[in-house]
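Residue numbers run from 1 in the order of the sequence given.
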Amino acid sequence: MDRRVFLAGGLIALATSCTRRSDQITVGSKNFTEQLILGEILKQYLGKKCAASTDGRFYMGGTYICQQAILAGRIDTYVEYTGTALAAVLKEPYSGDAAAVYQQVKAGYQQRFNLDVMPPLGFNNSFAMVVRSEDARRWNVSKLSQLAPYAPAMRLGIGYEFLERKDGYQGLVRTYDLKFASAPRVMDLGLLYRALENRSVDIVAGSNTDGLIEALGLIVLEDDKHYFPPYDAVPIVRPSLLSRFASAARAFDGLAGKITADEMRKMNYAVDGKKEDAADVAGRFLSGLSSMTTSHGGNQGQ
């Protein structure tokens with residue numbers, strides 16, 4: 001009797017879940033500010049354009065958690081970066097320019113995971129090796145290739161994934177012959193700049209669009225050997241989302257090329273520096289996008 005009740009309860013829960021999922025779009029994100037903002041942009045924009053209820057599952061963790069979540073159907077879409085997809089998920093070597101990398105990722109995700117990679121949102125969020133401005137001036141360094149003589153006295157701070165990724169720590173120190181004072185300090189991405197500011201570390205592996213770089217007057221060292229591949233922001237989508245909502249593909253096309261690196265930095269700083277709510281920041285961006293689209297007759301040509 002108990003077993004029958006358990007099975008019946010499970011079937012009811014499954015049916016409820018399926019019903020809810022059929023008219024709902026679930027958006028995921030990784031666990032840092034930019035991803036939260038992008039998740040809110042997708043959530044709000046898709047909800048409006050598809051006339052759908054939406055659910056946000058944000059701060060899920062890193063790349064691997066989001067990848068498993070979308071494969072398992074727990075989320076319908078999230079924003080990934082082409083260089084991350086290529087190196088960390090597909091585990092393929094980087095070759096070619098940004099357009100070639102995008103096509104490589106698009107084909108690989110379709111063939112291996114049956115996932116769609118939508119057009120890039122418009123900005124490249126490469127890894128950025130960041131130092132304090134006074135240190136850059138004191139050492140007279142602006143490029144990573146100039147850093148080797150100073151590295152033995154420097155402490156490095158990185159996020160969890162950077163330590164293990166093919167496009168991360170090991171390749172970086174090998175490419176630039178860097179030998180730091182100690183093993184890298186691994187911490188949450190949101191703590192990197194605080195650690196740099198309070199001198200717990202001397203260099204961090206941040207991101208090109210981090211709003212706090214400019215706000216704190218920090219310096220990004222040029223990747224002059226082009227170690228890092230392109231990291232164009234692209235929505236990853238389950239095909240079922242596109243089939244359930246006829247307007248979903250057009251919605252993703254409507255966001256293609258619309259977020260510049262400068263705009264992303266400003267949004268990141270609004271949340272990290274000014275402590276504004278990510279949902280409000282995303283909504284303000286979309287309001288501006290809507291106004292721009294209207295003023296251009298719905299065709300911006302970007």
Run the numbers on E263 and F285 for side-chain contact (heavy atoms from CB on, under 4.5 Å), then give the verdict. CA-CA 9 Å; E263 189 69 47; F285 167 79; 3.9 Å; yes
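- K43 approaches D55 most closely through the heavy-atom pair CE-C, 4.0 Å.
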Walk me through it: do E34 and S207 pass the test side chain to side chain donor-acceptor pair (under 3.5 Å)? CA-CA 10 Å; E34 178 168 297; S207 299; over 6 Å; no
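- Side-chain atoms of R57 come within 3.5 Å of backbone atoms of R74 as a donor-acceptor pair (strictly under, hydrogens ignored).
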Is there a side-chain contact (heavy atoms from CB on, under 4.5 Å) between V117 and L115? Walk through the geometry before answering. CA-CA 7 Å; V117 180; L115 293 173; 5.9 Å; no
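- In this structure, OH in Y169 is found 11.5 Å from CD in E164, a value given to the nearest 0.5 Å.
- Two residues are said to be in side-chain contact when any heavy atoms from C-beta on lie closer than 4.5 Å; K143 and L221 fail this criterion.
- With Q104 contributing its side chain and L86 its backbone, the two residues share no donor-acceptor pair below 3.5 Å.
- Between the side chain of T84 and the backbone N or O of Y231, no donor-acceptor pair lies under 3.5 Å.
- In terms of heavy atoms, G83 sits closest to P229 at CA-CG, 4.0 Å.
- D135 places none of its side-chain heavy atoms less than 4.5 Å from the side chain of L218.
- Counting only heavy atoms from C-beta outward, the side chains of V281 and Y269 never approach each other to under 4.5 Å.
- For CZ of R132, the number of neighbouring non-hydrogen atoms (other residues, nucleotides, ligands) closer than 6.0 Å is greater than 12.
- The minimum heavy-atom distance linking V27 with L42 is given by the pair CG1-CB, 4.0 Å.
- Just one residue in the list T26, I70, T77, N114 forms a side-chain contact (heavy atoms from CB on, under 4.5 Å) with R238, and that residue is I70.
- Looking only at distances, a side-chain donor or acceptor of S133 sits under 3.5 Å from a matching main-chain atom of G217.
- Counting non-hydrogen atoms of other residues, nucleotides and ligands closer than 6.0 Å to NZ of K225 gives a total above 12.
- For the atom pair I259 CD1 and L289 CG, the distance stands at 8.5 Å (nearest 0.5 Å).
- Counting only heavy atoms from C-beta outward, the side chains of I219 and R137 never approach each other to under 4.5 Å.
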Apply the test side-chain contact (heavy atoms from CB on, under 4.5 Å) to residues L46 and F252: give CA-CA distance (whole Å), side-chain angles for both, the deciding distance (0.1 Å), then the verdict. CA-CA 8 Å; L46 290 172; F252 284 109; 3.8 Å; yes
Show, in sequence, the C-alpha distance, side-chain angles and deciding distance for D210 and Y193, and conclude whether the side chain to side chain donor-acceptor pair (under 3.5 Å) test is met. CA-CA 10 Å; D210 287 337; Y193 296 108; 2.4 Å; yes
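- Just one residue in the list L189, V271, L38 forms a side-chain contact (heavy atoms from CB on, under 4.5 Å) with T33, and that residue is V271.
- The main-chain N or O of R155 is found under 3.5 Å from a side-chain atom of D202 such that the two form a donor-acceptor pair.
- Contact record, V89 with R112: O-NH2, 4.0 Å, taken as the closest heavy-atom pair.
- For the atom pair CG of L242 and CG of D76, the computed distance is 9.5 Å after rounding to the nearest 0.5 Å.
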Are N125 and T209 close enough, and set up right, to give a side chain to side chain donor-acceptor pair (under 3.5 Å), and what steps lead you there? CA-CA 6 Å; N125 189 10; T209 54; 3.2 Å; yes
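- Side chain of Y64 to main chain of E161: no donor-acceptor pair is present (N/O by atom type, distance under 3.5 Å, no hydrogens or angles).
- Residues E80 and K30 share a closest heavy-atom pair of OE1-NZ, 2.6 Å.
- Looking only at side-chain heavy atoms (C-beta outward), N31 and Y59 come within less than 4.5 Å of each other.
- For K48, the NZ atom sits in a loose shell: 12 or fewer heavy atoms of surrounding residues, nucleotides or ligands are nearer than 6.0 Å.
- The closest side-chain heavy-atom distance from D97 to P230 is not below 4.5 Å.
- The two residues L144 and D223 have their closest heavy-atom pair at CD1-CA, 4.0 Å.
- Transitive grouping of hydrophobic side chains (ILVMFWY, heavy atoms separated by less than 4.5 Å) brings L163 and L191 into a common cluster.
- Note that the OG atom of S145 and the CG atom of L147 stand 9.0 Å from one another [nearest 0.5 Å].
- When the shell of 6.0 Å around CG of N198 is examined, it contains more than 12 heavy atoms from other residues, nucleotides or ligands.
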Could you walk me through whether K266 and E276 pass the salt bridge (charged side-chain N to carboxylate O under 4.0 Å, His left out) check? CA-CA 12 Å; K266 290 177 180 177; E276 296 182 23; over 6 Å; no
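- More than 12 heavy atoms of other residues, nucleotides or ligands shown are found within 6.0 angstrom of CD on Q146.
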Before you tell me yes or no, could you show the steps for L241 and I25 under side-chain contact (heavy atoms from CB on, under 4.5 Å), namely the whole-Å CA-CA distance, both residues' side-chain angles and the distance that decides it to 0.1 Å? CA-CA 7 Å; L241 170 60; I25 298 173; 3.6 Å; yes
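- In this structure the side chain of W139 reaches within 4.5 angstrom of the side chain of M154, judged on heavy atoms.
- Counting heavy atoms from C-beta outward, M118 and L255 have side chains that stay 4.5 Å or more apart.
- Taking the six-membered ring for Trp, F162 and F127 have ring centres closer than 6.0 Å.
- Within a 6.0 Å radius of NZ in K274, no more than 12 heavy atoms belonging to other residues, nucleotides or ligands are found.
- Rounding to the nearest 0.5 Å places OG1 of T63 at 9.0 Å from OH of Y81.
- Rounded to the nearest 0.5 angstrom, M264 CE and M267 CE are separated by 4.0 Å.
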Apply the test salt bridge (charged side-chain N to carboxylate O under 4.0 Å, His left out) to residues D253 and R250: give CA-CA distance (whole Å), side-chain angles for both, the deciding distance (0.1 Å), then the verdict. CA-CA 5 Å; D253 287 342; R250 292 195 301 277; over 6 Å; no
